[in-house]
Protein chains: 2
Amino acid sequence: MDAALELIQGERSFSSISLREVAKVGGVVPAAFYRHFSGMEDLGLALVDDSFRTLHTMMREARSAPLPPSNLIANSVATFLKYSQDHRPHFEFIAKERYSGSSAVRLAIRREIRLWVSELAADLAPFPKLKSFNGDDLRMMAGLVVNTVIAATELILDVDTKDVAEVARIHRNAEKQIMLIFLGAAAWKSQSS
Amino acid sequence: MDAALELIQGERSFSSISLREVAKVGGVVPAAFYRHFSGMEDLGLALVDDSFRTLHTMMREARSAPLPPSNLIANSVATFLKYSQDHRPHFEFIAKERYSGSSAVRLAIRREIRLWVSELAADLAPFPKLKSFNGDDLRMMAGLVVNTVIAATELILDVDTKDVAEVARIHRNAEKQIMLIFLGAAAWKSQSS
DNA sequence: GAGTAAAGTCAACAAGTGTTCACTGAAAAA
DNA sequence: TTTTTCAGTGAACACTTGTTGACTTTACTC
């Protein structure tokens with residue numbers, strides 16, 4: 001699995017790497033690959049699991065060490081983007097395979113993202129300003145936030161790590177976008193609460 | 001180019017199709033491919049151009065036949081999603097290669113999306129409620145809208161065309177998200193106007 | 001320490017890969 | 001009408017691809 005993630009870094013995408021390449025980087029003969037996975041798709045699904053485990057670990061940590069309510073948005077965005085840079089391979093894999101992988105992998109990712117959205121919606125529900133939201137609308141808003149964060153992540157992953165100025169620009173932009181969303185949420189009225 | 005788009009439909013992604021496959025579907029011997037493109041990357045860049053030409057055509061049409069101001073958002077979203085379904089191959093190509101293609105293709109797509117964001121920002125500028133926005137913030141907001149629309153498009157492309165209920169769900173969700181964004185925009189204050 | 005299960009090796013397979021070369025036929029320009 | 005350009009052909013090249021079967025080595029259990 002590490003070998004696959006290593007091959008993904010930079011130019012290549014998972015769908016374009018071969019079983020033999022993975023085996024070679026893993027320091028193993030191609031036939032040995034089959035002792036662990038039934039084929040590349042199987043490996044892909046394992047990587048989806050692994051990557052989202054990383055994400056859920058992050059969210060669990062975030063909940064157990066709550067941020068100060070002041071600048072909560074800015075701090076959350078910063079925490080997330082930092083985390084995605086520290087676990088670059090996993091996030092790069094998700095970003096690349098979200099739309100272009102095999103349908104099995106794609107659907108697995110989509111399912112996990114839906115879960116993530118629900119999780120975030122549940123975290124958001126207690127906020128006073130979001131009292132008037134029904135479940136659907138809460139997920140709608142959470143989906144917007146998740147989309148925004150993912151988009152920013154994907155942009156950052158493509159920037160040279162040394163280019164701190166560009167990273168900061170993307171960072172600030174995402175922060176503003178999420179603030180805009182919360183501003184909109186404060187003015188929102190759900191149809192049926 | 002049509003052959004490549006055809007091969008992309010469904011499971012495969014551009015990075016995983018071969019020059020020989022494209023040639024075969026195009027009804028031509030592999031060597032003939034080189035009379036038109038220097039290699040697959042060259043073809044990819046040509047497809048980026050072609051796909052965004054489609055998009056700009058849509059936006060030009062939209063401007064020349066303006067929608068009624070009432071339900072403007074709902075109508076715009078509907079127009080866009082309809083268009084993306086009618087020109088499915090182009091939009092599917094962009095969705096798939098946005099994050100997983102070669103860096104040349106990826107950068108070309110990103111450049112075009114930035115252009116699109118600027119274009120939308122310019123279209124948005126005259127709105128009374130957006131008076132207080134400076135250029136950067138206008139692009140920030142336009143970026144949010146574009147992201148949301150793209151995300152919805154990508155979701156729809158993965159749904160069976162027959163499944164109208166699911167398409168409608170995605171559609172309604174995107175509509176709400178964009179309304180939320182505009183609600184937030186109405187309450188936004190730029191730092192320096 | 002013997003026996004078993006997991007992980008790895010080697011060799012072979014048919015098929016597919018990008019790219020090149022010298023060549024042919026048709027259309028366009030001179 | 002001759003010449004030049006353009007698009008397409010067929011064959012060959014050296015490789016890489018996924019997958020298999022029969023063996024060997026390593027690690028763990030009784």
Side-chain angles (χ1 to χ4, degrees), chain A residues 1-51 53 89-90 92-93 96-109, chain B residues 1-51 53 89-90 92-93 96-109:
Chain A
M1 289 169 73
D2 286 346
L5 288 176
E6 188 182 325
L7 280 164
I8 293 270
Q9 299 290 69
E11 281 295 85
R12 325 276 309 273
S13 70
F14 184 76
S15 19
S16 76
I17 66 173
S18 68
L19 189 152
R20 287 181 110 107
E21 283 180 298
V22 174
K24 188 181 294 180
V25 172
V28 133
V29 97
F33 178 97
Y34 291 99
R35 300 284 170 202
H36 305 271
F37 307 99
S38 68
M40 286 299 280
E41 176 145 303
D42 195 27
L43 170 58
L45 291 173
L47 284 172
V48 173
D49 273 9
D50 212 39
S51 299
R53 215 185 329 271
H90 280 153
E92 197 161 340
F93 171 74
K96 286 183 171 168
E97 296 310 303
R98 180 144 85 120
Y99 296 113
S100 73
S102 74
S103 65
V105 171
R106 233 165 39 215
L107 287 180
I109 293 180
Chain B
M1 290 168 72
D2 286 345
L5 289 177
E6 189 182 326
L7 280 165
I8 294 268
Q9 300 291 66
E11 281 295 85
R12 325 275 310 273
S13 72
F14 184 76
S15 18
S16 76
I17 65 173
S18 70
L19 188 152
R20 287 181 111 106
E21 283 180 298
V22 175
K24 187 182 293 180
V25 173
V28 132
V29 99
F33 179 98
Y34 291 99
R35 301 283 169 203
H36 304 272
F37 307 100
S38 68
M40 286 298 281
E41 176 145 303
D42 195 27
L43 169 58
L45 291 173
L47 284 173
V48 173
D49 274 9
D50 212 40
S51 298
R53 216 185 329 272
H90 280 152
E92 197 161 340
F93 171 74
K96 286 183 171 167
E97 296 311 303
R98 179 143 85 120
Y99 297 113
S100 73
S102 73
S103 66
V105 170
R106 233 164 40 215
L107 287 179
I109 292 180

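Since we're looking at a predicted model, the values are computed, not measured. Lettering of chains follows the sequences in order, A, B, ..., and the numbering in each one begins at 1.
Side chain of B:Ser16 to main chain of B:Arg12: no donor-acceptor pair is present (N/O by atom type, distance under 3.5 Å, no hydrogens or angles).
With hydrogens and angles ignored, no donor-acceptor pair closer than 3.5 Å exists between the side chain of B:Arg20 and the base of C:dG16.
Using a 4.0 Å heavy-atom criterion, one finds that A:Val28 contacts the sugar-phosphate atoms exclusively.
Among C:dC21, D:dT20, C:dT19, the nucleotide with an atom closest to any side-chain atom of B:Leu19 is C:dT19. Out of D:dG21, D:dT19, C:dG8, the shortest distance to the side chain of A:Pro30 is found at D:dT19. When distances are taken from the side chain of A:Arg35 to each of D:dC23, C:dG18, D:dT9, the shortest belongs to D:dC23.
The separation between B:Ile17 atom CD1 and C:dG16 atom C1' is 15 Å, rounded to whole Å. Distance CG (B:Leu43) to C1' (C:dG18): 14 Å, rounded to an integer number of Å. In this entry the distance linking CG of A:Asp42 with C1' of D:dG18 reads 15 Å, nearest Å. In this structure, B:Phe37 atom CZ and C:dG18 atom P are separated by 15 Å, rounded to whole Å. Atom-to-atom, CZ of A:Phe33 to P of D:dG21 comes out at 18 Å; the value is rounded to the nearest Å.
To the nearest 0.5 Å, the span separating OG on A:Ser13 from CD on B:Glu97 amounts to 7.5 Å.
Side-chain polar atoms of A:Ser102 and B:Glu11 form no donor-acceptor pair below 3.5 angstrom.
Listed pair A:Tyr34 / D:dT20 fails the phosphate criterion, with no side-chain N or O lying under 4.0 Å from OP1 or OP2. One finds no side-chain N or O of B:His36 lying less than 4.0 angstrom from the OP1 or OP2 phosphate oxygen of D:dC6.
Aromatic pair A:Phe93/A:Phe14: ring centres closer than 6.0 Å.
Each of B:Met40 and A:Ala31 was assigned the nucleotide of DNA chain C with the nearest heavy atom; the assignment lying further toward the 5' end belongs to A:Ala31.
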